[in-house]
Trainee: 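Encoded as structure tokens, here's the structure I'll be asking about.
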Amino acid sequence: MQPWMLRRQGESLPLVSPVEDWVTGTDLSLSRGVVVDLQSVRKQCRLPDGCPLELVVSWRSDATKIQRRVLKRLLDDSRNEVQVTLSGTEIGGTVRISTSVVLSEDITEPDPGSPHRRGSILIRDVYSVTLEGEGSMFPMAVIDFAGRTYDDRASWFVETSTDLEANFSSVFQVMINERDKSLIKAIESEKPTREQQALLDELSSGVMQVVVELAYALKANGELGVEEYGDGSVGQVLRGLVDQTGDLDLGDLRDPSQIARRQALFQAMARGIAAGRVF
């Protein structure tokens with residue numbers, strides 16, 4: 001497999017760790033060439049001639065505890081060009097990028113000891129890269145909600161700021177209620193179960209909805225314009241979220257008759273930028 005390349009400002013450069021000058025919240029656009037001798041792989045793994053194989057690319061961030069599959073493609077040719085984008089709203093710290101060749105379907109009559117289950121990994125390449133920024137987009141802290149102004153029945157709370165010149169990662173933080181043991185265990189898990197991933201997806205979507213709603217509220221009030229904001233600032237990140245979600249006109253955000261519509265829109269916006277469960 002060829003090295004990963006980072007696409008930035010029209011240039012393609014080798015992806016090296018750490019990624020210098022990475023700004024919190026910005027996407028990573030990556031590409032690489034993957035050459036697979038399909039006949040040789042099938043022969044070495046004692047698979048039937050012509051059995052379908054897939055190329056899969058996934059990633060996991062140790063800072064956000066989020067993992068995603070960003071590519072799944074049938075391998076019809078030995079030479080493949082891969083282009084993927086890692087959402088800046090979900091990455092931080094060290095990101096492990098896995099490129100795998102897997103079985104596309106079950107083998108009904110396999111040779112003894114040979115891989116036969118759909119998804120069985122035949123080849124895997126893992127590359128770890130550290131992002132040289134302010135960490136994950138939303139730093140987290142586990143605290144006692146009873147000792148704060150937060151309702152201690154809530155699982156989490158997002159601390160925000162309307163100071164557009166402030167550093168985003170310094171003033172935006174997700175507080176996790178120490179009473180929610182299931183959520184904390186999911187966040188700390190290296191390999192989340194399906195139930196734990198559902199909790200993480202719910203957290204990711206909910207947090208993003210809060211921040212996107214704040215961005216649109218500031219825009220509606222005329223406080224968040226199109227002017228340039230400093231790198232990593234609250235203004236830059238919020239303006240970027242507005243642009244990413246289509247810069248929609250949501251009308252009067254104070255109109256109570258539109259609460260349900262707005263809630264659905266913010267949920268869809270979060271999903272559109274890969275926050276939370278995607279279907």
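What you see is a predicted model, and the numbers here were worked out from it, not measured in a lab.
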Trainee: Any side-chain heavy atom of Val82 within less than 4.5 Å of one from Val84?
Mentor: yes
Trainee: Within the 4.5 Å heavy-atom criterion, are Ser104 and Leu53 side-chain neighbours or not?
Mentor: no
Trainee: Could you tell me whether a side-chain N or O of Ser205 sits under 3.5 Å from a main-chain N or O of Glu202, the two making a donor and an acceptor?
Mentor: no
Trainee: Can you confirm whether Val19 sits close enough to Arg8 that some side-chain heavy atom of one is under 4.5 Å from a side-chain heavy atom of the other?
Mentor: yes
Trainee: Given 3.5 Å as the limit, does a donor-acceptor pair link the side chain of Gln196 with the main chain of Thr193, or not?
Mentor: yes
Trainee: Taking Asn167 for the side chain and Ser233 for the main chain, is one N or O donor matched with an acceptor at less than 3.5 Å?
Mentor: no
Trainee: If only atom types and distance count, is the side chain of Arg262 paired as donor or acceptor with the main-chain N or O of Leu253 below 3.5 Å?
Mentor: yes
Trainee: Looking at residues at least two apart in the chain, or sitting in another chain, which of them share a side-chain contact (heavy atoms from CB on, under 4.5 Å) with Ser40?
Mentor: Asp37, Gln44
Trainee: Is the number of heavy atoms from other residues, nucleotides or ligands under 6.0 Å of Arg118 CZ greater than 12?
Mentor: no
Trainee: Any chance CD of Gln39 has more than 12 other-residue heavy atoms, nucleotides or ligands included, within less than 6.0 Å?
Mentor: no
Trainee: Would you call Arg153 and Asp151 a salt bridge, using N to O less than 4.0 angstrom?
Mentor: yes
Trainee: Nearest 0.5 Å, what's the OG-CG distance between Ser189 and Leu200?
Mentor: 8.0 Å
Trainee: Using side-chain heavy atoms (C-beta onward) and a distance below 4.5 Å, is Leu248 in contact with Tyr216?
Mentor: yes
Trainee: Salt bridge check, Arg68 against Asp201: does any charged N sit closer than 4.0 Å to a carboxylate O?
Mentor: yes
Trainee: Through direct or indirect side-chain contacts below 4.5 angstrom among Ile, Leu, Val, Met, Phe, Trp and Tyr, which residues connect to Phe157?
Mentor: Ile143, Phe145, Tyr150, Met175
Trainee: So does Thr85 get a backbone contact from the side chain of Asp27, meaning a donor-acceptor N/O pair under 3.5 Å?
Mentor: no
Trainee: Can you hop from Val36 to Val56 via hydrophobic side chains spaced under 4.5 Å?
Mentor: no
Trainee: Sequence neighbours left out, what passes salt bridge (charged side-chain N to carboxylate O under 4.0 Å, His left out) with Asp255? Give chain and number order.
Mentor: none
Trainee: Enter the distance from Asp106:CG to Ser120:OG here, rounded to the nearest 0.5 Å.
Mentor: 8.0 Å
Trainee: Report, as yes or no, whether the 6.0 Å neighbourhood of atom CG on Asp49 holds more than 12 heavy atoms from other residues, nucleotides or ligands.
Mentor: no
Trainee: Looking only at non-hydrogen atoms, find the nearest pair between Leu214 and Ser161 and report the distance.
Mentor: CD2-O, 4.0 Å
Trainee: So, Thr99 versus Arg32: side-chain donor-acceptor pair below 3.5 Å or not?
Mentor: yes
Trainee: Just by distance, do the side chain of Arg46 and the backbone of Pro112 share a donor-acceptor pair under 3.5 Å?
Mentor: yes
Trainee: Enter the distance from Glu223:CD to Leu164:CG here, rounded to the nearest 0.5 Å.
Mentor: 7.0 Å
Trainee: Taking the side chain from Arg271 and the backbone from Arg277, do they hold a donor-acceptor pair closer than 3.5 Å?
Mentor: yes
Trainee: Please assess Ser17 against Tyr127 for the test side chain to side chain donor-acceptor pair (under 3.5 Å), listing each intermediate value before the final yes or no.
Mentor: CA-CA 10 Å; Ser17 184; Tyr127 184 76; 5.8 Å; no
Trainee: Are Ile187 and Val158 in one and the same hydrophobic cluster, where Ile, Leu, Val, Met, Phe, Trp and Tyr link if side-chain heavy atoms are under 4.5 Å apart?
Mentor: yes
Trainee: Any side-chain heavy atom of Val126 within less than 4.5 Å of one from Ile97?
Mentor: no
Trainee: Say you draw a straight line from CD of Glu213 to CE of Met269; how long is it, rounded to the nearest 0.5 Å?
Mentor: 10.0 Å
Trainee: Calculate, to the nearest 0.5 Å, the distance between atoms CZ and CD1 belonging to Arg117 and Ile121 respectively.
Mentor: 15.5 Å
Trainee: Using a 4.5 Å cut-off on heavy atoms from C-beta on, say whether the side chain of Pro3 contacts that of Pro14.
Mentor: no
Trainee: Val101 versus Leu38: any side-chain heavy-atom pair under 4.5 Å?
Mentor: no
Trainee: Taking Ser100 for its side chain and Val102 for its backbone only, find out whether a donor-acceptor pair lies under 3.5 Å.
Mentor: no
Trainee: The test is side chain to side chain donor-acceptor pair (under 3.5 Å); show your working for Thr94 and Ser128 and say whether it passes.
Mentor: CA-CA 7 Å; Thr94 298; Ser128 295; over 6 Å; no
Trainee: Quick one: are Leu6 and Ser12 in side-chain contact, heavy atoms under 4.5 Å?
Mentor: no
Trainee: Got a second to check how far Leu203's CG is from Trp156's CH2, nearest 0.5 Å?
Mentor: 6.5 Å
Trainee: Would you list the pairs meeting side-chain hydrogen bond (donor to acceptor under 3.5 Å, both in side chains) in which at least one residue belongs to residues 174-186, sequence neighbours left out?
Mentor: Ser155-Asp180
Trainee: Using the salt bridge (charged side-chain N to carboxylate O under 4.0 Å, His left out) criterion, which residues pair with Asp247? Sequence neighbours excluded.
Mentor: Lys219, Arg239
Trainee: Judged by atom type as modelled, is there a donor-acceptor pair below 3.5 Å linking the side chain of Asp163 to the main-chain atoms of Glu165?
Mentor: yes
Trainee: With Asp252, which residues qualify under salt bridge (charged side-chain N to carboxylate O under 4.0 Å, His left out), at least two apart?
Mentor: Arg254
Trainee: Under 3.5 Å, side chain of Arg7 to main-chain N/O of Leu30, donor-acceptor pair present?
Mentor: yes
